[in-house]
Amino acid sequence: MKKLEKMLSDNIITHAGGGGKAGKAVEITVGSNAVAQLLVRSYERYLNKLDIAFKDVNNSPAALFYKGGKLVGCQVFDINPHTDAITNIYFIAGRKKLQGLQNDGFRGT
């Protein structure tokens, strides 16, 4: 996990939406240690079972997650060009937002 933490800015922030559900708050995680733990837990619990493709989304690098060829999640990364550290990660899981990504030409791996 230490190697992962080194890739992250000390003040990294993650944003996870409510998946398009009304009244569901955005979950925010701050700090390289907390974000690294969140990433590892997410991968171990869910993401390691999915196919992953790497693309640019809104001019930022992103990991797109597919299940049976269907886009089911996305992580978009902001990277500081001076330090190459990841400063923000946006988790996208809402069906309408994911459908917009697929409609822009992103398809399963």
Side-chain angles (χ1 to χ4, degrees):
M1 181 140 37
K2 291 293 183 192
K3 287 182 182 181
L4 176 58
E5 282 184 62
K6 288 181 181 184
M7 295 172 57
L8 306 174
S9 164
D10 290 339
N11 300 316
I12 187 170
I13 301 173
T14 64
H15 306 265
K21 296 180 179 149
K24 188 97 172 178
V26 172
E27 183 178 324
I28 297 174
T29 305
V30 179
S32 60
N33 184 270
V35 170
Q37 288 180 28
L38 173 67
L39 291 172
V40 169
R41 273 194 322 270
S42 296
Y43 182 79
E44 288 174 344
R45 289 184 184 169
Y46 312 108
L47 303 178
N48 66 348
K49 299 171 183 86
L50 304 174
D51 294 319
I52 304 171
F54 295 95
K55 308 276 185 182
D56 279 347
V57 172
N58 295 334
N59 297 314
S60 293
L64 285 76
F65 300 96
Y66 296 89
K67 183 175 184 176
K70 179 181 177 187
L71 182 63
V72 294
C74 178
Q75 293 175 339
V76 181
F77 305 93
D78 283 343
I79 298 175
N80 181 320
H82 303 290
T83 65
D84 290 331
I86 300 169
T87 57
N88 289 288
I89 302 173
Y90 302 92
F91 294 87
I92 303 168
R95 276 192 310 231
K96 288 184 180 181
K97 289 183 181 182
L98 292 173
Q99 186 176 23
L101 287 176
Q102 281 206 289
N103 290 340
D104 286 338
F106 299 111
R107 298 286 181 244
T109 57

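Residues Asn80 and Ser9 have side chains not in contact (no heavy-atom distance under 4.5 Å, counting atoms from C-beta outward). When side chains are defined from C-beta on, Val35 does not count as touching Ile86, because their heavy atoms never get closer than 4.5 Å. Taking the side chain as every heavy atom from C-beta outward, Val57 and Leu64 approach each other to under 4.5 Å. Side-chain contact check for Leu38 versus Phe91: some heavy-atom pair is nearer than 4.5 Å. For the pair Val76 and Asn58, the minimum side-chain heavy-atom distance is 4.5 Å or more.
To the nearest 0.5 Å, atom CG of residue Asp78 and atom OG of residue Ser60 are 5.0 Å apart. Taken to the nearest 0.5 Å, the CG atom of Asp84 stands 7.0 Å off from the CD1 atom of Ile79. Expressed to the nearest 0.5 Å, how far CG of Leu71 lies from CZ of Phe65 amounts to 10.0 Å. Note that the CD1 atom of Ile89 and the OG1 atom of Thr29 stand 9.5 Å from one another [nearest 0.5 Å]. One distance of note links CG of Asp10 with CD of Glu5; it measures 9.0 Å at 0.5 Å rounding.
In the displayed structure, Lys3 atom NZ is contacted under 6.0 Å by at most 12 heavy atoms of other residues, nucleotides or ligands.
Between the side chains of Asn48 and Glu44, no donor N or O sits under 3.5 Å from an acceptor N or O.
Taking every heavy atom of both residues into account, Ala63 and Phe54 meet most closely at CB-CE2, 3.7 Å. When all heavy atoms of Arg45 and Lys49 are compared, the closest pair comes out as O-NZ, 2.7 Å.
Partner Gln75 forms a side chain to side chain contact (heavy atoms under 4.5 Å, CB included) with one of Leu39, Thr14, Ile92, Ile52 and no other, that one being Leu39.
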